[in-house]
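Input: a single structure, listed below in structure tokens.
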Amino acid sequence: MATKFDDSNVRWYTLEGIEDVYYHILKVDEKNRIVDILFKFSADARVILHRHWATYRTFIIQGELRLYSADGDLKEIRGVGSYVSKLAGGEPHREGGGDQDVIAIFSNRDVEGPIYEILDDELKMVAILGFNDFKALFEAQKA
């Protein structure tokens, strides 16, 4: 049986037009160019197609994070306690939860340009989320 992380003290936020993913920004460190975000991905769902443009680390707190290639094939499953460190770039993909919502910390490091590039199904860029975007979201979250 899966253990549920008690997130009752976490206020979850959403981004308009992006379904099945919720966020809570933990810290935006301007000096060291780090953005730490707690994400919750809905169970049995896949988020919008995207690519990571900042080096990042993830730690899975609850559930299993499933990663899907742009064509929809399941390419990786990261279970509770998994820690992964990846360089900027990489293939476009979707993420989502397994049988339960997945909660994970994403620590984006050495952020200079974009953090996430949002893509449509034809792999065309539709939006960029960068350091200043998350800084503004963090300020709004604190208000």
Side-chain angles (χ1 to χ4, degrees), residues 1-121 125-143:
M1 178 174 173
T3 304
K4 184 166 175 12
F5 172 74
D6 180 4
D7 65 346
S8 61
N9 289 318
V10 177
R11 181 166 179 203
W12 294 107
Y13 299 87
T14 59
L15 292 170
E16 186 176 334
I18 300 179
E19 297 179 3
D20 296 312
V21 63
Y22 308 87
Y23 74 89
H24 182 91
I25 300 170
L26 300 170
K27 176 91 172 154
V28 174
D29 181 340
E30 287 191 72
K31 179 182 175 193
N32 295 303
R33 306 304 287 181
I34 297 171
V35 178
D36 290 333
I37 310 166
L38 191 62
F39 279 114
K40 178 166 46 172
F41 300 96
S42 297
D44 299 316
R46 298 177 191 187
V47 300
I48 195 164
L49 192 61
H50 66 283
R51 182 189 329 248
H52 297 255
W53 280 113
T55 296
Y56 67 95
R57 295 172 175 96
T58 62
F59 181 78
I60 310 304
I61 298 169
Q62 172 186 292
E64 59 182 28
L65 181 66
R66 294 183 179 183
L67 291 96
Y68 300 88
S69 62
D71 64 9
D73 291 339
L74 178 64
K75 64 180 200 172
E76 186 177 347
I77 296 175
R78 298 179 188 160
V80 170
S82 295
Y83 175 82
V84 175
S85 180
K86 298 282 187 174
L87 295 176
E91 295 296 317
H93 63 280
R94 298 178 193 274
E95 294 159 323
D99 294 339
Q100 71 178 126
D101 292 348
V102 63
I103 298 176
I105 293 174
F106 278 67
S107 183
N108 299 283
R109 305 299 181 105
D110 306 319
V111 178
E112 292 301 327
I115 296 176
Y116 302 108
E117 177 185 35
I118 309 302
L119 305 165
D120 67 14
D121 289 336
M125 182 189 62
V126 295
I128 292 282
L129 293 170
F131 189 89
N132 289 334
D133 298 306
F134 283 101
K135 182 179 172 186
L137 290 169
F138 187 50
E139 292 303 317
Q141 179 180 295
K142 293 190 300 185

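Just so it is clear, the structure is predicted and the values come from calculations on it, not from any experiment.
- For the residue pair Lys4 and Gln100, the shortest heavy atom distance occurs at CA-NE2, 4.4 Å.
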Determine, step by step, whether Ile61 and Leu38 satisfy the side-chain contact (heavy atoms from CB on, under 4.5 Å) criterion, reporting the C-alpha distance in whole Å, the side-chain angles of both residues, the deciding distance to 0.1 Å, and the verdict.
CA-CA 10 Å; Ile61 298 169; Leu38 191 62; 3.7 Å; yes
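- Side-chain atoms of Arg33 never come within 3.5 Å of backbone atoms of Asp110 as a donor-acceptor pair (strictly under, hydrogens ignored).
- Contact record, Val102 with Gly63: CG2-C, 4.0 Å, taken as the closest heavy-atom pair.
- Counted within 6.0 Å of CD on Glu19, heavy atoms from surrounding residues, nucleotides or ligands total 12 or fewer; the atom is thus considered open.
- The CG atom of Asn108 sits 14.5 Å away from the NZ atom of Lys86 when rounded to the nearest 0.5 Å.
- With values rounded to the nearest 0.5 angstrom, Ile37 atom CD1 is found 8.5 Å from Leu129 atom CG.
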Kindly indicate, with the supporting measurements, whether the criterion side-chain contact (heavy atoms from CB on, under 4.5 Å) is fulfilled by Leu67 and Arg78.
CA-CA 8 Å; Leu67 291 96; Arg78 298 179 188 160; 3.8 Å; yes
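- Within a 6.0 Å sphere centred on NZ of Lys75, other residues, nucleotides and ligands contribute more than 12 heavy atoms.
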Which is it for Leu137 and Leu15 under the side-chain contact (heavy atoms from CB on, under 4.5 Å) test, yes or no, and what are the steps along the way?
CA-CA 10 Å; Leu137 290 169; Leu15 292 170; 3.9 Å; yes
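- Contact detail for Ser42 and Asp101: the closest heavy-atom pair is CA-OD1, 3.4 Å.
- Ile34 approaches Ser107 most closely through the heavy-atom pair CG2-OG, 4.0 Å.
- Remark: Asp99 engages no residue in a side chain to side chain donor-acceptor pair (under 3.5 Å) (not counting sequence neighbours).
- Salt-bridge formation is detected for the pair Arg94/Asp121: a Lys NZ or Arg NE/NH1/NH2 atom is positioned less than 4.0 Å from an Asp or Glu carboxylate oxygen.
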Determine, stepwise, if the pair Asp7 / Trp12 fulfils side-chain contact (heavy atoms from CB on, under 4.5 Å).
CA-CA 9 Å; Asp7 65 346; Trp12 294 107; 2.9 Å; yes
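- Under the ring pair (Phe, Tyr, Trp, His ring centres under 6.0 Å) rule, Phe39 has a single partner from Phe106, Phe59, Tyr23, which is Phe106.
- Separating the CD1 atom in Ile118 from the CD1 atom in Ile48 is a distance of 5.5 Å, to the nearest 0.5 Å.
- Distance CD1/Ile103 to NE2/His24: 12.0 Å, rounded to 0.5 Å.
- Between Tyr116 and His52, the distance separating the two ring centers is shorter than 6.0 angstrom.
- Residue pairs satisfying the side chain to side chain donor-acceptor pair (under 3.5 Å) criterion with at least one member in residues 54-63, sequence neighbours excluded, are listed as follows: Arg57-Tyr83.
- None of His50, Arg46, Arg66 except one satisfies the side chain to side chain contact (heavy atoms under 4.5 Å, CB included) rule with Glu95; the exception is His50.
- To the nearest 0.5 Å, atoms CE (Met125) and CG (Leu49) are separated by 13.5 Å.
- Taken from CD1 in Ile115 to CZ in Phe131, the straight-line distance is 7.5 Å, to the nearest 0.5 Å.
- For Asp133 against Ile128, the heavy-atom pair with the smallest separation is OD2-O, 3.6 Å.
- The two residues Ala54 and Val111 have their closest heavy-atom pair at CB-CG2, 4.0 Å.
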